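Owing to the predicted nature of the structure, the values given are computational and were not obtained by experimental measurement. All chains are named by letter (A, B, ...) in the order of the sequence lines, taking the proteins before the strands, and each is independently numbered beginning at 1.
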Amino acid sequence: MSETPLLDELEKGPWPSFVKEIKKTAEMMEKAAAEGKDIKMPTGARGLLKQLEISYRDKKTHWKHGGIVSVVGYGGGVIGRYSDLGDQVPEVEHFHTMRLNQPSGWFYSTKALRGLCDVWEKWGSGLTNMHGSTGDIIFLGTRSEYLQPCFEALGKLETPFDLGGSGSAVRTPSACMGPALCEYSCYDTLDLCYELTMAYQNEIHRPMYPYKFKIKCSGCPNDCVASKARADFAIIGTWKDEIQIDEEAVKEYAKWMDIENEVVKLCPTNAISWDGKELKIDAKDCVRCMHCINKMPKALKPGNERGATILIGGKAPVLEGAIIGWVAIPFIEVEKPYDEIKEILDATLEWWDEEGKFRERVGELIWRKGMKEYLKVIGKDVDVRMVKAPRNNPFMFFEKEELRPSAFTEELKKRGLW
Amino acid sequence: MAYEGIKTDFGPPYFRDMLHPVIAKNYGKWKYHEVVRPGVIKRVAESGDVIYVVRFGTPRLLSVYTIKELCDIADKYSEGYLRWTSRNNVEFFVTDESKIDELIKEVEEKVGFPCGGTWDAVKGEYGLSNIVHTQGWIHCHTPAIDASGIVKAVMDELYEYFVEHKLPAMCRISLACCANMCGAVHASDIAIVGIHRTPPIPDDDAIRRTCEIPSTVAACPTGALKPDMKNKTIKVDVEKCMYCGNCYTMCPGMPLFDPENDGAAIMVGGKISDARRVPELSKVVVPWVPNEPPRWPTLVKYVKQILEAWAANARKHERLIEWVDRIGWERFFEITGLEFTQHLIDDYRITPYFYSEYRTTTQFRW
């Protein structure tokens, strides 16, 4: 009888099975080890299978809180993980995760990937996630004593790989495929992602902040890396002038496409008109939502005055509710060496480090202190594009210098209240 | 920085070294794309160069041996380059159109990954992409549900939507195994979220041994924890606890796992892209489904029920929330057959941002 009757059920069905992946790894690792290959954790994958079967039976996790484990000189990049099953599954007594910083846009050469695979076959479980939620390559499961040699082996590869971020740190930035493959990209997402990653190596590798801080680069408002919802600092490509129209290509689409119903009527601001001959877009009303461009990629493309909108504070519900990032900078140019973006990031991180409470994300801090305060920190003026509407309550804070001198204000001063 | 000769802080490989030669040559100079068929996107450069991007779904958890098999295939068809997408799909790049069928066959036979996960906005025919998810029982210490197993069970059931373009609009399904939401599923068309339903039972010994009492108490968003300094432990006001597990994250002495009462909530109507409608947070429509390993039949049934009710009733390009905008939540519950219960009315102490006028979209006028 199978040792994993519950997990075996998940080998059935048409979708690729993670159970098959674990079993395959277990078999191949054991075989390679038996053939004399230098493999440190030949039974790691087998152990995971055993423990997971017990979780499936017990309907609960069997992983304990991690301790602090890392490699020399780093404070993060490794998630400590220990089994609570002790002697039952000694193979996974330690089963730490290593996060490896992926190349921008998750592009790989097979040479680089093979190097990674060889290192992980030798020093770990042979199991990975391609990729973790934040974007890193996840090496799933090794023992404490193998972390350092594994890291050093990664650094010595022909294409070396470094650790990513974890804990209360700047997390590994990620980017959409951008100009590498996409005609919509309004700036070079891959390059910005790379440059920011390199500029914040210390902040990524050594947790020093109140909580996590995520940076994501999307080339257009389609937002393929979900930066609005998932990044504290979302840099989303956009443009300021009008959408570029190729009328001849529009006519080609018109031969079979219902432009009136599928494009004109779905424009959120009724900015488009189509008379059967000419497509017009009123740039004053266009909010650059991308729908018409997505519908007619051969005919329409973003304008020429390109840059990005920065949204601040996006996060999941823990703890004070989910936030979709707020517009902090309606438009910024995104050109190498990206000094202005780096200055804004520096100011944001410094302020949050100074003012943020333990486990308070930057969005929660801005909510507590006010957007006005944040704009002062990053040295930006207020702009109506930062809000959906003006505030819906009259409880405004006024500065002393905004008030008229009066007997009342004199009294406040006299009583030491000001 | 370097420690005793060990190289540190050298960062990721430079992305430019990771690009297929045709991609490198036409970087930033792409003219347009078209979806040739499910899973195959043709990209045409200003230079006239053409590359076919061929996409396959993966289980996210991959063996190094599988990755090597993918590398062998990439060497054969894709000049030694490949890419993963933000939703755990893997992509190959083919310049010779006649090789596409062979590639698809080879990936399906050797690795077992299905070609698909694309959508054709131009024609208004959409496929389902892969499910973004978290670690669950594979590797997490706070999950209320497994992740990979549920994703596998759901995708088995929705397989046809991945390999074909049968949906009226884009639909993003995501899963997070607890409210920490490492997968940030709070803005997905359909989201599965692990929830606990019992307050923590303080383990006095563990608290004394491993926890900092003030910071644990401060971590409670509803003020349900009080320090008991006399006994050097923590007291829980069970009436105030809403089982977020934040205290357990802070302190291993606050376990709240209950196999019979942990489970999943289902949320719908979230959206991130700015296309047409502004972004939106997902809303809870099924408060709790029990853990039913290995295949979670009740949960899978609900997800399919929601997806197919939407697919059958939505207009072209109408994502789930846009459909609800048109028909109303009253009809949503009627059509999906889900029950609207008291748990679906918000009574969490703080969701202040919802009421704010801060703009959460790149949609604005110049």
Side-chain angles (χ1 to χ4, degrees), chain A residues 6 9-10 13-16 18 21 24-25 28 55-56 59-61 63 65 72-73 101 103-104 106-107 110 117 120-121 126 128 130 133 155 159 179 183 190 198 201 221-222 225-226 229-230 240 287 289-291 294 297-298 309 316 318-324 326-327 385 387-389, chain B residues 3 7-13 15 18 23 28 30 32 59 61-65 67-68 71 74 80 83-84 86 113 121 137 141 143 148 152 155-156 159 180-184 186-187 221 252 257 259 272-276 279 281 291 293-294 350-351 353 357-360 362-364 366:
Chain A
L6 293 171
E9 289 299 312
L10 290 166
W15 188 253
F18 70 101
E21 288 294 313
K24 174 176 167 180
T25 311
M28 304 273 282
S55 275
Y56 267 60
K59 298 198 273 191
K60 62 177 282 207
T61 190
W63 298 109
H65 261 269
V72 176
N101 198 327
S104 285
W106 302 286
F107 286 92
T110 54
C117 291
W120 195 232
E121 184 192 35
T128 76
M130 299 294 277
S133 293
T159 304
E183 69 272 23
L190 303 175
M198 295 313 287
Q201 284 291 294
N222 282 331
V225 284
R230 306 176 68 169
K240 276 181 110 169
V287 290
C289 85
M290 293 298 294
H291 176 73
N294 292 337
K298 287 181 189 169
T309 298
V318 163
L319 202 58
E320 296 193 351
I323 301 176
I324 295 175
W326 300 316
V327 175
R385 295 171 187 87
V387 295
K388 291 183 269 193
Chain B
Y3 296 84
K7 196 166 63 161
T8 66
D9 299 277
F10 48 90
F15 63 94
M18 299 287 130
I23 296 175
W30 294 98
Y32 69 89
L61 191 153
L62 294 182
S63 166
V64 290
Y65 302 107
I67 296 173
K68 283 190 173 182
C71 287
R83 171 183 185 260
W84 268 265
S86 59
F113 294 171
W137 297 337
H141 66 299
S148 310
K152 162 74 175 145
M155 286 308 286
D156 275 341
Y159 185 78
N180 262 322
M181 289 201 196
C182 297
H186 54 286
F257 300 94
I272 289 167
S273 153
D274 266 294
R276 302 174 307 281
L281 295 171
N291 264 319
I350 29 175
T351 42
Y353 323 117
E357 302 285 6
Y358 290 0
R359 194 190 294 266
T360 57
T362 59
Q363 287 190 21
F364 48 77
W366 287 105

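Minimum interatomic distance between B:His141 and A:Thr61 (heavy atoms only, all atoms of both residues): O-CG2, 4.0 Å. When all heavy atoms of B:Pro259 and A:Lys60 are compared, the closest pair comes out as CG-CD, 4.1 Å. Smallest separation of non-hydrogen atoms from A:Asn101 and B:Pro13: O-CD, 4.1 Å. Taking all atoms of both residues into account, the shortest heavy-atom contact from B:Asn291 to A:Lys59 is O-CD, 3.3 Å.
When each of A:Arg230, A:His65, A:Lys298 is checked for heavy-atom pairs under 4.5 Å with chain B, A:His65 comes out on top. Contact count against chain B (heavy-atom pairs under 4.5 Å) is highest for A:Met28 among A:Glu9, A:Met290, A:Met28. Per-residue counts of heavy-atom pairs under 4.5 Å with chain A were compared for B:Ala121, B:Ser63, B:Pro279; the largest is that of B:Ser63. Top candidate by heavy-atom pairs under 4.5 Å with chain A, chosen from B:Trp137, B:Trp30, B:Phe113, is B:Trp137. Among B:Ala74, B:Pro143, B:Ala187, the residue with the largest count of heavy-atom pairs under 4.5 Å with chain A is B:Pro143. Ranked by heavy-atom pairs under 4.5 Å with chain B, the list A:Cys289, A:Ser55, A:Ala229 is led by A:Cys289.
With a 4.5 Å cut-off on side-chain heavy atoms, A:Leu6 and B:Pro293 do not count as touching. In this structure the side chain of B:Leu61 never reaches within 4.5 angstrom of the side chain of A:Thr128, judged on heavy atoms. With contacts defined as side-chain heavy-atom distances shorter than 4.5 Å, the pair A:Asn222/B:Asp274 does not qualify.
Checking side-chain atoms of B:Arg359 against main-chain N and O of A:Arg385 turns up a donor-acceptor pair under 3.5 Å. Looking only at distances, a side-chain donor or acceptor of B:Lys152 sits under 3.5 Å from a matching main-chain atom of A:Trp15. Formation of a donor-acceptor pair under 3.5 Å by the B:Arg83 side chain with backbone atoms of A:Phe107 is not found in this model. Side chain of A:Gln201 to backbone of B:Gly11: a donor-acceptor contact under 3.5 angstrom is found. No donor-acceptor pair closer than 3.5 Å links the side chain of A:Lys388 to the backbone N or O of B:Glu357. Proximity of a side-chain donor or acceptor of A:Ser133 to a complementary backbone N or O of B:Cys182 within less than 3.5 Å is detected.
For A:Ser104, the parts lying under 4.5 angstrom from a heavy atom of chain B are both the backbone and the side chain. Interface residue A:Thr309: only side-chain heavy atoms are found under 4.5 Å from chain B. Looking at B:Phe257, only its side chain comes within 4.5 Å of chain A, counting heavy atoms on both sides. Using a 4.5 Å cut-off between heavy atoms, A:Met198 contacts chain B through its side chain alone, with no backbone atom that close.
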Check against side-chain contact (heavy atoms from CB on, under 4.5 Å), B:Lys68 and A:Thr110: CA-CA 8 Å; B:Lys68 283 190 173 182; A:Thr110 54; over 6 Å; no
Evaluation steps, side-chain contact (heavy atoms from CB on, under 4.5 Å), between A:Trp326 and B:Thr360: CA-CA 5 Å; A:Trp326 300 316; B:Thr360 57; 3.7 Å; yes
Intermediate values then yes/no, side-chain contact (heavy atoms from CB on, under 4.5 Å), A:Ile324 and B:Leu281: CA-CA 8 Å; A:Ile324 295 175; B:Leu281 295 171; 3.6 Å; yes
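Distance CG/A:Leu10 to OG/B:Ser148: 9.0 Å, rounded to 0.5 Å.
Remark: the B:Tyr65 side chain and the A:Glu21 side chain contain no N/O donor-acceptor pair separated by less than 3.5 Å.
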